[in-house]
Amino acid sequence: MFETREGETLLEADPAKLRPDGHIVFIGRIVSPWRRREDCPKNMRAARESGRAATVLIDEAYRPGLQNLERASHIVILSWLHHAPRNLIVQKPRHAAEPKGVFSLRSPARPNPVGLHVAKLVALDIEAGRIEIDSIDVLDDTPVIDIKPYYASVDAFPEATIAGRDEK
């Protein structure tokens, strides 16, 4: 699913094959309109521009944790990008002139493929464990690690700059 490009560097040991030092629990799955990697938007801005909504389905045991989430206009979704390679440490994005370290990119390929998505909360059904959101930039059936409310008062940095100015 991912090809190695000139200038890229792989880790000596693939993190996917190492003994884990933490225990991640998937709390649900994302129902996304995107079934193939080549159709999936590269970021949340492109996902929003597509006009295609998505749903986060939370497993029954974790649904009580959704209480009061409706107070948030937007949520942060942490996902596990399970199709991404975990052993690519230096990448050469198609749009970049030079290779870049994985920690300076938002690429899904990374030692721990955790996705970060800020989405508009459209509807919430706690009993059914359904969170309707405006859009998402992951493939259908992507596991969910966590949901957090987005607080513009503490999460936003108006003065922030974009890493790697050549990224879109």
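Quick note: residue numbers are just sequence positions, from 1. Values below: every heavy atom of this structure, side chains too, minus hydrogens, waters and symmetry copies.
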Side-chain heavy-atom pair [X], [Y] within 4.5 angstrom cut-off:
{"X": "L116", "Y": "V76", "result": "yes"}
{"X": "P111", "Y": "I89", "result": "yes"}
{"X": "L121", "Y": "H74", "result": "no"}
{"X": "S135", "Y": "R52", "result": "no"}

(request) Check whether any side-chain N or O of N112 sits under 3.5 Å from a backbone N or O of V114 as a donor-acceptor pair, and report yes or no. (result) no
(message) As an exercise, state the distance from CD1 of I24 to CD1 of I27, rounded to the nearest 0.5 Å.
(response) 11.0 Å
Check side-chain hydrogen bond (donor to acceptor under 3.5 Å, both in side chains) between [X] and all other residues, then give those that pass, not counting sequence neighbours.
{"X": "Q91", "result": "S107"}
{"X": "S79", "result": "H117"}
{"X": "D39", "result": "R36"}

(message) The criterion is salt bridge (charged side-chain N to carboxylate O under 4.0 Å, His left out); which residues satisfy it with R130, sequence neighbours excluded?
(response) E132
(message) To check you understand the geometry: which heavy-atom pair defines the closest contact between I133 and A119, and what is its length?
(response) CB-CB, 3.9 Å
(request) Could you note down all residue pairs passing salt bridge (Lys or Arg N to Asp or Glu O under 4.0 Å) where residues 58-86 supplies at least one of them, sequence neighbours left out? (result) none
(message) For Y62 and I147: C-alpha separation, side-chain torsions, deciding distance, then whether side-chain contact (heavy atoms from CB on, under 4.5 Å) applies.
(response) CA-CA 11 Å; Y62 304 104; I147 304 286; over 6 Å; no
(request) Take atom CD of E6 as the centre, draw a 6.0 Å sphere, and report whether it contains more than 12 heavy atoms from other residues, nucleotides or ligands. (result) no
(message) By the definition side chain to side chain contact (heavy atoms under 4.5 Å, CB included), identify the one residue from T55, I77, I75, L57 that meets it with I131.
(response) I75
(request) Only pairs at least two apart or in different chains count here, so list each side chain to side chain donor-acceptor pair (under 3.5 Å) that has a residue in residues 138-154. (result) D146-K148
[X] and [Y]: same hydrophobic cluster, using ILVMFWY side-chain contacts below 4.5 Å?
{"X": "I58", "Y": "V31", "value": "no"}
{"X": "V102", "Y": "L11", "value": "yes"}
{"X": "L78", "Y": "V118", "value": "yes"}

(message) Using a strict threshold of under 4.0 Å (side-chain N to carboxylate O), is an ion pair present between D134 and R48?
(response) yes
